[in-house]
Amino acid sequence: QVQLVESGGGLVQAGDSLRVSCVASWITFSTHVMGWFRQAPGKEREFVATISRSGSTTRYADSVKGRFTISRDNAKNTVYLQMNSLEPEDTAVYYCAARADYSTSRYYTQEYEYPHWGQGTQVTVSS
């Protein structure tokens, strides 16, 4: 069974940086598109970033573009989300998601497109 485990969340101040990670088990990681989503209190889960199998293609939500960077290390079965210039509005539980795909450059931005999910890691940004 596919297992995705996020880590690296925590409490930071506005303007700080934080990197969250997601380690995948029981999948051929290099054949999976990876995504990061987040859910703030009282809100629906929303797309944050996605990266293709090869890492050649990335896409970001407008709200994080220029501040967040998604990357992956296929040798370590790990996807990262580097978050800079954090704002209180970034406070949420951050989830990673995985979807197998034949294309090395395709990406997905919709929650329903991902069958595999982690349990999430809390990121809290204080003002």
Exercise for review: Determine the sole option in Leu4, Leu81, Thr121, Asn77 for which the side chain to side chain contact (heavy atoms under 4.5 Å, CB included) test with Cys22 is passed.
Suggested key: Leu4

Review point. Quick one: are Leu86 and Leu18 in side-chain contact, heavy atoms under 4.5 Å?
Key: yes

Point to revise | Same apolar cluster: Ile27 and Val79, side chain cutoff 4.5 Å | key: yes

**Study point:** Residue pair Ser103 / Asp101: nearest heavy atoms and the distance that separates them
**Key:** N-OD1, 2.7 Å

Review point. Counting heavy atoms not belonging to Gln119, are there more than 12 under 6.0 Å from its CD?
Key: no

Review point. Once you round to the nearest 0.5 Å, how far does CD of Gln82 lie from CZ of Arg19?
Key: 7.0 Å

Check your understanding: Cation over ring, Arg53 on Tyr107, under 6.0 Å and within 45°?
Key -> no

Revision key, fill the gap. Between Thr50 and Met34, the two heavy atoms sitting closest are OG1-O, 3.0 Å

Exercise for review: Quick one: pull up CZ in Arg106 and OG in Ser56 and give me the separation to the nearest 0.5 Å.
Suggested key: 12.0 Å

Point to revise | Trp26-Val23 co-clustered via ILVMFWY side chain contacts under 4.5 Å | key: no

Review point. Looking only at heavy atoms, which two atoms of Pro88 and Ser127 are closest? And how far apart?
Key: CG-CB, 3.8 Å

Exercise for review: State yes or no: do Val64 and Val12 share one hydrophobic cluster built from I, L, V, M, F, W and Y residues joined by side-chain heavy-atom distances below 4.5 Å, directly or via other members?
Suggested key: yes

Review point. Going only through I, L, V, M, F, W and Y residues with side-chain contacts under 4.5 Å, is there a path from Val48 to Val93?
Key: no

Point to revise | Donor-acceptor pair, side chain of Thr124 and main chain of Leu11, under 3.5 angstrom | key: no

Review point. Got a donor-acceptor contact below 3.5 angstrom from the Glu6 side chain to the Val20 backbone?
Key: no

Exercise for review: Indicate whether the side chain of Glu89 and that of Thr91 have a donor and an acceptor atom separated by less than 3.5 Å.
Suggested key: no

Check your understanding: Got a donor-acceptor contact below 3.5 angstrom from the Thr31 side chain to the Ala100 backbone?
Key -> no

Practice item. Check Ile51 against Val33 and note the closest heavy-atom contact, atom names and distance. Key: O-CG1, 3.4 Å

Practice item. Please round to the nearest 0.5 Å and tell me the distance separating atom CD of Glu46 and atom CH2 of Trp36. Key: 14.5 Å

Exercise for review: Cation-pi check, Arg72 to Tyr80: give yes when NZ or CZ is under 6.0 Å from the six-membered ring centre and within 45° of the ring axis, no otherwise.
Suggested key: no

Review point. Going from OG1 on Thr58 to CZ on Phe68, what distance comes out if it is rounded to the nearest 0.5 angstrom?
Key: 14.0 Å

Review point. Between Thr28 and Ser30, is there a donor-acceptor pair closer than 3.5 Å when you use the side chain of the first and the backbone of the second?
Key: no

Exercise for review: Enter the distance from Met83:CE to Arg38:CZ here, rounded to the nearest 0.5 Å.
Suggested key: 9.0 Å

Review point. How about Tyr95 and Arg45: do any of their side-chain heavy atoms sit closer than 4.5 Å?
Key: yes

Practice item. Quick one: closest heavy-atom pair of Tyr60 and Ala49, and the distance? Key: CD2-CB, 3.6 Å

Exercise for review: Quick one: pull up CG in Asp90 and OG in Ser63 and give me the separation to the nearest 0.5 Å.
Suggested key: 7.5 Å

Practice item. Compute the centroid of each ring, for Tyr114 and then for Phe37, and state whether the two points are separated by less than 6.0 Å. Key: yes

Practice item. Answer with yes or no whether the side chains of Thr78 and Asp73 bring together a donor and an acceptor at under 3.5 Å. Key: no

Exercise for review: Establish, yes or no, whether the cationic atom of Arg99 lies under 6.0 Å from the six-membered ring centre of Tyr108 and within 45° of the ring axis.
Suggested key: yes

